[in-house]
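I have placed the structure first, in the form of structure tokens, so that the comments after it can refer back to it.
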Protein chains: 2
Amino acid sequence: MSKAEPTQTPSAGEPRLSRASAARFSLYLRPLEHWHQAGLRTVSSGQLGEAVGITDAQVRKDLTYLGSLGHPGVGYPTEELVLALRRALGIDRTWAVVLVGVGNLARALLRYRGFEQQGFRIVAVFDSDPGKIGQEVEGLEIHGLDRLPAVVAARGAELGLLTVPIESAQAVAEALAAAGIRGILNFAPLCLKPPPGVSLVSVDLAVQMEQLAFLVQLENGERPLTTR
Amino acid sequence: MSKAEPTQTPSAGEPRLSRASAARFSLYLRPLEHWHQAGLRTVSSGQLGEAVGITDAQVRKDLTYLGSLGHPGVGYPTEELVLALRRALGIDRTWAVVLVGVGNLARALLRYRGFEQQGFRIVAVFDSDPGKIGQEVEGLEIHGLDRLPAVVAARGAELGLLTVPIESAQAVAEALAAAGIRGILNFAPLCLKPPPGVSLVSVDLAVQMEQLAFLVQLENGERPLTTR
DNA sequence: GGATGTGAACGACTTCACAGCG
DNA sequence: CGCTGTGAAGTCGTTCACATCC
């Protein structure tokens, strides 16, 4: 009842593409789009690796998952590669995104051009504060949370940005799920339990800062952790 | 000349603590600090694992690196564990931080309480725009970039938040390094080359969004990447 | 009994090295 | 010749299982 079967991966789709490779696809995309606009028609695995700071072998292995679009002795055609990568990542189309929690971070995200550029459009914003509801931010009316299901459905939103305080994060995540949202990018500094059927990516700025402190400490050779 | 020696790790410090474990230390810290304040004196690996979404075995393996502070049959003393984790991460003290690039994101970061709570204090802000220099944000005067070395030295800053546009990111990173900064948290959406002696952590919001789109696409079973 | 610490098995990811093609 | 695609080897990280101790 507890061992025997390897459990997990019971029958569903085979894991064609490794998670690690997908994470790098996004990184490849930036220099590639830049080079493509600059008129470069072809790139080698070495150039790409150099640009994102990994080995050429790694690049080739990753790109294998896209099918064989490299030409020996030549390299990869820039444009095809960009298209294939975007397709693999699922950003060969536009995603409608809602934002919940209109604080400082939310305002910064609303003004951030990078999302739109990659095909993410923020189509509605929500907050629970009655004082904010009805106001506008960046041309969008702030809705009350009760309107989540209706607005999500009306705008065809599939992704959500979660910029609410810790206390309400889990509840709002579930409200988003109930409203039909399929993926959440969470900025609240806690470990959200993803509602069933909803994918989750979390960004905790304090955690990143702590990692940085750790790295600096390591480099300083100060306290590489004694066995004690 | 090219094989034989394993190269790398030539002689310097042995890699006591794995990078992956250190990344989780930050995650452990949040529920732990919460529980500690709530008066809980002891926690088990199972509880911690549950809170951050990993197995108990993984938790125990990680905590091994801190020395043996668990008691069989009882668990780990909450307070000691918090202190040991903070010490391991290098946040058992305050870090002085400078911020470069006063845009929307910068303002959001300046108002974010999470940094201060974990021992990161933003002590100065910089921008290259003459129109901004001399103004104040969140009680801090905006300095010109030319004052980086002087202010960094005067305030004893060791870390930097980089929220400048792509074009100037690399140059500013090098200026930070030259001014004596030891670690950079970069928000510009490009692959920075870390100056020698400087640690780097990058946060690219568009990349996170793309990962989310990828996960949702996977879960939808839509296009799990065909071999073609 | 309940929970830790840990070697050993396992699996995932990366690097190597080289055959093969344009 | 340069560069891709890929098995094989190697490294790193996670999970298992169990001896051990309170």
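Remark: B:Gln208 engages A:Leu185, A:Val201, A:Val203 in a side chain to side chain contact (heavy atoms under 4.5 Å, CB included) (not counting sequence neighbours). For B:Ser202, the side chain to side chain contact (heavy atoms under 4.5 Å, CB included) partners at least two apart in sequence or on another chain are B:Asn186, B:Leu200. Partners of A:Pro165 according to the side chain to side chain contact (heavy atoms under 4.5 Å, CB included) rule, which considers only residues two or more places apart in sequence or in another chain, are A:Glu167, A:Ser168.
Among pairs with a residue in residues 190-205 of chain A, those fulfilling salt bridge (charged side-chain N to carboxylate O under 4.0 Å, His left out) read A:Asp204-B:Arg30, at least two apart in sequence or across chains. Each side-chain hydrogen bond (donor to acceptor under 3.5 Å, both in side chains) pair with one or both residues in residues 37-53 of chain A, not counting sequence neighbours, appears once here: A:Ser45-A:Arg60.
Atom CZ of A:Arg19 is separated from atom P of D:dT14 by 14 Å (rounded to the nearest Å). In this structure, the OH atom of B:Tyr76 is 15 Å from the P atom of D:dC22, given to the nearest Å. When rounded to the nearest whole Å, the span between CG of A:Leu63 and C1' of D:dC3 equals 13 Å. A:His71 places its NE2 atom 12 Å from the C1' atom of C:dC21, with the value rounded to the nearest Å. In this structure, the CD atom of A:Glu80 is 15 Å from the C1' atom of D:dT4, given to the nearest Å. Straight-line distance from the OH atom of A:Tyr65 to the P atom of C:dC13: 8 Å, rounded to whole Å.
For the pair A:Arg24 and A:Val74, both in contact range of DNA chain C, the more 5′-proximal nearest nucleotide belongs to A:Arg24.
None of B:Val100, B:Leu176, B:Val164, B:Val172 except one satisfies the side-chain contact (heavy atoms from CB on, under 4.5 Å) rule with B:Phe126; the exception is B:Val100.
Across residues 32-61 of chain B, B:Ser44, B:Ser45, B:Arg60, B:Lys61 each have a non-hydrogen atom less than 4.0 Å from an atom of DNA chain C (numbered order).
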